[in-house]
Colleague: 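Encoded as structure tokens, here's the structure I'll be asking about.
Atoms within each ligand, like the ligands themselves, are counted from 1 in listed order.
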Amino acid sequence: MYNKSDIVAATEGDQESEPPGSETTGTVTSQTKTQANQSPPNNFSNWNDWRWQIKNRIRTVEQMAKFLPSLPDHQALKTVMARYPLAITPYYASLIQRPDTSDPIFSMCVPQVAELYNPPCLSADPLEEQEDMPVPGLVHRYPDRALLMVTTACASYCRHCTRKRVAGKRETSISPSRLEQVADYLTAHPEVSDVILSGGDPLTMSTGALEAVISRIRSIESVGVIRIGTRVPVVLPMRITDDLINMLRKYHPIWLNMHFNHPVELTKSAAEACAKLADAGIPLGNQTVLLRGVNDDPKIIEQLCRGLVRLRVRPYYLYQCDLVSGIEHFRTPLTKGIEIMEYLRGRISGIAIPNFVVDTPHGGGKIPLLPNYIISMSPTHTVLRNYEGLVVNYPEPGNLPRHNVQSGANQRQVTNGGVWELACGLASVIQPADSDHGQRRQKITEKRRVSAKTDDAFLFDL
Ligand code: SF4
């Protein structure tokens, strides 16, 4: 619905002066906008220039209203933006198809008055990151990992951001002296072998500024893996330049975790960005946040996960929304995540299934949640169920059945009783009637019976 001209017209004459992180020292520009009279390009030759995209971000209600004229209550939105800043790259804005919250992209990037509603269970920093910072900006929570916030700037500001307390409040990045403090801490703590560069978004920094950080961290012998957390391939895919790739590949092992939330974000440009990164030998993962009205639908997550795997991106986490101020309207009940996991298992390959996690309040870290696959347990058998309702027992090693079961009792024996018969080894399976899988197996069994062939002949006889 919104083409490039709508969006370029929206930012006309109001570009920002510099992309965040444009200085090679690592200190970035402030959020001020200058060059108000500079004209935007009258064609789209600069559309694929990431610096042009940053300079032409949508930053004000007036700019938004030019291409979203039905936007209600500008004054209220200004109040929201005074608390949580607005930035949308022209590229990401061009993915909006409807001017309301029925559109997933709109919901994720356009401010909502609902951001001002905060029930008491929410807080600015529910993960208590500030309390796990031995050096400002360095979160050391788990024994072997640390997370370093290298910038507070992002290309676009997600309305569901878990670091709303810092993202974009002041666009700045790590200073050389702070980087040295961090390096000193990591050197003194060789148990930290995995450093995650986060923010804000590290890939909004200039390549030189980012390299200064990565090369310093890489120089610490005990650091094995450097990971980068970024939403740039989603909101600014043209940032994945050859220059950036050539820099990153010097510092392997580099891993990269992205933040795709909806299949609409899997555009041709995003696919090209992922291909460049994957071709450079960078393992790619994705962290999706479960968002009400955006992706809280099993089929949307299925489509997203399938699409990611096609781009060589491993769906890594499906995050429950954190208890962060300003995002109550995005929160889903935990049961929604469990329902989605129930749907995915068995329908798509394990490599496409993310872990559903809750990053617990009070700095408890991530806890994975799963549907319950354990039906019952006894000292000799554990009774499990699969995605389609097949219930089987798994005999424990070295245990004899407690009941008077003949040898071979754990061969396939369908019970006429119930779960207890499985738990004590009197039977091995409760099978759902007429499942697709069951029907397929019946046909194969019949075919084998008719062919009367041995197993290997059946396998290899073409
Ligand atoms: S890119 Fe990441 S840090 Fe930046 S606003 Fe989005 S979620 Fe927050």
Side-chain angles (χ1 to χ4, degrees), residues 16 19-21 28 31 50 53-54 57-59 80-81 83-89 91-93 95 104-112 115 122 124-127 129-130 137-139 147-174 196-205 210 213 227-240 256-262 264-265 270 273 284-292 294-295 304 316-327 329-331 357 359 366:
E16 293 178 80
V28 297
Q31 199 179 311
W50 73 274
Q53 287 278 340
I54 292 269
R57 290 184 297 175
I58 292 158
R59 304 285 336 241
V80 175
M81 289 159 53
R83 193 174 296 180
Y84 308 119
L86 164 74
I88 313 173
T89 57
Y91 163 81
Y92 198 60
L95 305 186
I105 305 293
F106 179 100
S107 288
M108 287 188 278
C109 66
V110 174
Q112 301 297 316
E115 291 174 52
L122 305 186
D125 181 19
L127 308 183
E129 290 185 322
Q130 301 289 133
L138 183 73
V139 182
L147 180 146
L148 177 60
M149 296 180 199
V150 294
T151 178
T152 56
C154 301
S156 289
Y157 291 112
C158 312
R159 306 323 300 176
H160 55 273
C161 179
T162 207
R163 296 208 184 103
K164 273 171 102 89
R165 70 185 189 280
V166 287
K169 292 275 173 87
R170 189 168 62 93
E171 294 192 327
T172 184
S173 64
I174 190 165
I196 300 150
L197 305 184
S198 183
D201 196 319
L203 296 192
T204 57
M205 295 168 73
L210 184 60
V213 175
R227 285 191 273 169
I228 299 174
T230 178
R231 189 148 156 83
V232 149
V234 185
V235 295
L236 186 66
M238 49 289 287
R239 169 65 184 107
I240 310 302
L256 201 128
N257 262 330
M258 298 177 283
H259 178 174
F260 287 94
N261 287 333
H262 195 280
V264 172
E265 295 174 331
L284 302 176
N286 189 67
Q287 308 188 158
T288 295
V289 185
L290 190 51
L291 300 169
R292 174 146 49 110
V294 172
N295 60 8
L304 174 66
Y316 178 42
Y317 283 139
L318 176 63
Y319 271 115
Q320 175 69 11
C321 254
D322 292 332
L323 296 172
V324 173
S325 304
I327 64 172
H329 57 299
F330 282 122
R331 291 210 301 131
V357 292
D359 213 342
K366 297 176 195 70

Colleague: I'd like to check atom 2 (Fe) of ligand 1 in this structure: does the protein have a heavy atom lying under 4.0 Å from it?
Modeller: no

Colleague: Please say which of H160, R83, K164 ends up in a side chain to side chain donor-acceptor pair (under 3.5 Å) with E115.
Modeller: K164

Colleague: Quick one: are M205 and V213 in side-chain contact, heavy atoms under 4.5 Å?
Modeller: yes

Colleague: In ligand 1, which numbered atoms sit nearer than 4.0 Å to a non-hydrogen atom of H259?
Modeller: 7 (S)

Colleague: Would you check if the side chain of T288 reaches a backbone N or O of F260 as a donor-acceptor pair within less than 3.5 Å?
Modeller: yes

Colleague: Give every residue pair that meets the salt bridge (charged side-chain N to carboxylate O under 4.0 Å, His left out) criterion with at least one member in residues 231-240, sequence neighbours excluded.
Modeller: R231-E265

Colleague: Is a side-chain N or O of Q112 found less than 3.5 angstrom from the main chain of V110, in a donor-acceptor match?
Modeller: yes

Colleague: Sub-3.5 Å donor-acceptor pair from the side chain of S198 to the main-chain atoms of G229, do we have one?
Modeller: no

Colleague: For ligand 1, is there an atom lying under 4.0 Å from some heavy atom of K164?
Modeller: no

Colleague: Below the 2.8 Å mark, what number of protein N, O or S atoms do you get around atom 4 (Fe) of ligand 1?
Modeller: 1

Colleague: Please test R59 against Y157 for side chain to side chain contact (heavy atoms under 4.5 Å, CB included), starting from the C-alpha separation and ending with a verdict.
Modeller: CA-CA 10 Å; R59 304 285 336 241; Y157 291 112; 4.0 Å; yes

